[in-house]
Structure formats: structure tokens, C-alpha cells
Amino acid sequence: MNRKVWKWLFGISVGVLILLVLLTFGFWVLVNIGGAILLSLMGNTEIAAMPFSVFMSNFVGSPMFYIYLADLIVLMGASLMLMITKQR
């Protein structure tokens, strides 16, 4: 494949990686907001947020982990091929 294809794959994988990071933080925020709303509806006045480390404790093995893994493999492969096919 020519260099143009690898540039496209690299750009797309960087964009997908940024979107995945934003989606992960968005899920964490939504979990905290949903928990706060549920606790307030049940009459609890003490609201505690879930730390990000607890949210990510079961990340390895989840479907999101495999999406990150596939994107990182494409990103590394495209960057490797861009280095190999570097124009002189």
C-alpha cells in the first residue's frame, strides 16, 4: 500500500483514540451524575462520587478494552509503516 493510505489510517486512528478517551470520561461523568440523582431521589443527603480508579477497575477484559487495543494496534502499525515508507 502506498504512503497515502497509511497517513489516512494514522489520522483516523488518532481521531478514534481521542473519541474513545472522551467517551470513557463521559461514561464516568454520567455514572456519577446518575448516582447522584438516584441518591437524591431516595432521600440521601450525603452524595459521594465514584473515583475514576474504581470506575476503571474492571477495564481489562471489557469490550471497551478491546476497542482501545484494536485502535492502538492500528495506530502503531500505521506509524511503523509511515516510518518504513518515509520519503527521502
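Note that the numbering runs from 1 along the sequence shown for the chain. The shown structure was predicted, so the numbers you read here are calculated from the model rather than taken from an experiment.
- Within the model, atoms CG of D71 and CD1 of I18 stand 10.0 Å from one another, a figure rounded to the nearest 0.5 Å.
- With a 6.0 Å radius and a threshold of 12 heavy atoms from other residues, nucleotides or ligands, F52 has its CZ atom above the threshold.
- In this structure the side chain of M64 reaches within 4.5 angstrom of the side chain of L20, judged on heavy atoms.
- Residues I47 and S40 share a closest heavy-atom pair of CD1-CB, 4.5 Å.
- Of the inter-residue distances, the one linking T85 atom OG1 with K7 atom NZ reads 8.5 Å to the nearest 0.5 angstrom.
- In terms of hydrophobic clustering, with Ile, Leu, Val, Met, Phe, Trp and Tyr side chains grouped at heavy-atom distances under 4.5 Å, M76 and V74 are assigned to different clusters.
- Side chains of F55 and N32 form no contact here, defined as non-hydrogen atoms less than 4.5 Å apart.
- Aromatic ring pairs are classed by plane angle as parallel below 30°, tilted from 30° to 60° and perpendicular above 60°; the pair F59 and F65 is perpendicular.
- Note: S13 OG to I73 CD1 = 11.5 Å, rounded to the nearest 0.5 Å.
- Note: the hydrophobic cluster containing M50 does not contain L38 (ILVMFWY, side chain heavy atoms under 4.5 Å, direct or indirect links).
- When side chains are defined from C-beta on, V54 counts as touching P51, because their heavy atoms get closer than 4.5 Å.
- Atoms OG and CG, on S79 and L72 in that order, are 10.5 Å from each other to the nearest 0.5 Å.
- Both L75 and I84 are members of a single hydrophobic cluster when ILVMFWY side chains are connected at heavy-atom separations under 4.5 Å.
- When hydrophobic clusters are built by joining Ile, Leu, Val, Met, Phe, Trp and Tyr residues whose side-chain heavy atoms come closer than 4.5 Å, directly or via intermediates, L30 is not grouped with L39.
- Put simply, the side chain of L19 does not reach to within 4.5 Å of the side chain of L23, judged on heavy atoms.
- Remark: N2 CG is packed, more than 12 non-hydrogen atoms of other residues, nucleotides or ligands lying under 6.0 Å away.
- With a 4.5 Å cut-off on side-chain heavy atoms, M56 and T24 count as touching.
- No donor-acceptor pair closer than 3.5 Å links the side chain of W6 to the backbone N or O of M83.
- A heavy-atom distance below 4.5 Å is found between the side chains of Y68 and L17.
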